[in-house]
Participant: 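Below is the structure I would like to discuss, written out as structure tokens.
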Amino acid sequence: MNYNWDWGILFRDPYAGWILEGLWWTIVISLLAWVIAFTLGSILGVFRTTSSPILRAIGTCYVELFRNIPILVQLFLWYFVFPEILPDDWGRWVKRDMPAPAMTTAIVALGLYTASRVCEQVRSGIEAVGVGQRQAGRAIGMTEPQVYRHILLPNAYRIIIPPLTSEFLTIFKQSSLALTIGVVELTAMTRQIEEYTFQGFEAFTAATIVYSLVTFTVMFLMRFVDKRTALPGTFASGGA
Amino acid sequence: MIEMMAVNKWYGKDFQVLKDCSLKVAKGEVIVVCGPSGSGKSTLIKTVNGLEPINSGDIVVDGVSITAKSTNLDKMRSRIGMVFQNFELFPHMNVTDNIEIGQIKVLGRSDEEASEKAAALLKRVDLSEHALKFPSQLSGGQQQRVAIARGLAMEPMAMLFDEPTSALDPEMINEVLDVMVSLAGEGMTMMVVTHEMGFARKVADRVVFMDYGEIVEDAKSDDFFGSPRSARAQDFLSKILNH
């Protein structure tokens, strides 16, 4: 192989800046998409476990719809198809006039898709807390919302910290798909460096390391959070 | 105080778990419900506070029908204490918080009032030194006593016990039964699903025997243990008493 290694490229202007800028947008996309996914997913997860058949049906439909379409297809649907089926004025706004159309679309698409996965985690967490806890709450006269607020959710979230961490890491990595609709995040910046310099090995090695550093940091932090929020002998008692 | 009238309940279409169950519990009475596993005892007791909905019949607690549309079931439940087989203390709260949460969130008591009440009840169930521990740090018997305190904190008009000692190691059963005996002595209206026949003999005013979802026998406890009328109750008693 005839290849001129030049690791120095990564630290040279403007390429170092590109990588940092790409990382910044990757983080922005991931965090904002996560806010949508976590909020909506939690609400839907609650829906799927309530006593109301209507809310349960809404939750189920959402999950089946969003979980079963590949995220890349969803991204294209939101970006290329959705504006076309809107009334003209709205479509134009989505395509052109709203702030950062491609970035916003990527955030919303990733968030809505991941919400379906967060929903299932929240649902399984609530189910793991158990019928007995729900009954114990109702038996002292709590309303259903109170039971969720004070009993089911605080325990469910503790149980699902590890799978939720995975979901966040997945969103972080999937944010790279945003480049397909023209968002210049970390992976796109990396490709740009390759195209400008033909130093693809160095550029993609750098991207690999940057992605890994972030995921390792998140994992480390969440392990700490998991430990800090753990209850002494969680759920070991009474078969609950 | 509690009146069940021809209560029927099905699980699905085919399985009838309660068949025409009628039962009256007067104020201050202690009723023990016993019967073989799967006979519907737990379901029966959970229908009293509406944790298990019923398909037909009616249940009236303190003059209020649980099937009436106008009834606020949450409010009614807050006036009936319930103790579960698996304790079901809230694992993320310490003992005191477990006893306070219903008082604060449901009854709207102030923090001071609730904590005063919790401290008094913990003293009563002899667990004052465990006030700040988490449920998982207590033995089963201790947890069940906290659960009773949690129920009493609501100042209920009646207490329901669903196999309160079945999940306990033998040496812890008595500490829980002692609390229940003293409650009965104070005139608390109680419905107790249990296999503790010693408790039934000593404390119960009446024993209700269930089998296959039916109330087969409803007798004064002396009569029940002395001369059970039905063959099924005789059979049941001979199985659990002779060993």
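All heavy atoms count here, side chains included; hydrogens, waters and symmetry mates do not. Quick caveat, the model's predicted, so the values are computed rather than measured. Letters A, B, ... are given to chains in the order of the sequence lines, protein chains preceding strands, and every chain is numbered from 1.
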Participant: Check whether any side-chain heavy atom of Phe90(B) lies under 4.5 Å from a side-chain heavy atom of Val129(A), and answer yes or no.
Facilitator: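 Not touching, per the 4.5 Å side-chain cut-off.
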Participant: Considering only heavy atoms and a distance below 4.5 Å, find which of Met82(B), Lys105(B), Arg79(B) pairs most often with chain A.
Facilitator: Lys105(B)
Participant: Check this for me: Arg149(A), atom CZ, are more than 12 non-hydrogen atoms of other residues, nucleotides or ligands nearer than 6.0 Å?
Facilitator: no
Participant: Please report the C-alpha distance between Gln146(A) and Val106(B) in whole Å, then the side-chain angles of each, then the deciding distance to 0.1 Å, and finally whether the side-chain contact (heavy atoms from CB on, under 4.5 Å) criterion is met.
Facilitator: CA-CA 9 Å; Gln146(A) 282 180 320; Val106(B) 177; 4.3 Å; yes
Participant: Check the pair Gln135(A) / Lys46(B) against side-chain contact (heavy atoms from CB on, under 4.5 Å), numbers first and verdict last.
Facilitator: CA-CA 10 Å; Gln135(A) 289 191 337; Lys46(B) 283 179 180 170; 3.1 Å; yes
Participant: Met93(B) versus chain A, heavy atoms under 4.5 Å apart: side chain, backbone, both or neither?
Facilitator: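 The side chain, not the backbone.
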Participant: Would you say the side chain of Arg138(A) lies within less than 4.5 Å of the side chain of Leu51(B), judging by non-hydrogen atoms?
Facilitator: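 Yes. Closest side-chain heavy atoms under 4.5 Å.
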Participant: Need one label for Leu107(B): side chain, backbone, both or neither, based on atoms under 4.5 Å from any heavy atom in chain A.
Facilitator: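 Contact with chain A is absent: no heavy atom of Leu107(B) under 4.5 Å.
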Participant: If you count heavy atoms of other groups shown closer than 6.0 angstrom to OH of Tyr11(B), is the number above 12?
Facilitator: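 Yes, OH of Tyr11(B) has more than 12 neighbouring heavy atoms, counting only those of other groups under 6.0 Å.
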Participant: Could you tell me whether the side chain of His92(B) and the main chain of His150(A) form a donor-acceptor pair under 3.5 Å?
Facilitator: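 Yes.
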Participant: Roughly how far apart are Glu88(B) CD and Ile151(A) CD1, rounded to 0.5 Å?
Facilitator: 10.0 Å
Participant: Step through the shown structure and confirm whether more than 12 heavy atoms of other residues, nucleotides or ligands are within 6.0 Å of CD on Glu64(A).
Facilitator: yes
Participant: Let me confirm one number: the CZ-CD distance from Phe84(B) to Gln133(A), rounded to the nearest 0.5 Å.
Facilitator: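 Spacing of CZ (Phe84(B)) from CD (Gln133(A)) equals 9.5 Å.
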Participant: Do Met142(A) and Ile101(B) have side-chain heavy atoms sitting under 4.5 Å apart?
Facilitator: yes
Participant: Measuring from atom CG of Leu231(A) to atom CD of Gln137(B), what distance do you get when rounded to the nearest 0.5 angstrom?
Facilitator: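 With rounding to 0.5 Å, CG (Leu231(A)) is 9.5 Å from CD (Gln137(B)).
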Participant: A side-chain contact here means heavy atoms from C-beta on lying under 4.5 Å apart; do Ile140(A) and Ser78(B) qualify?
Facilitator: no
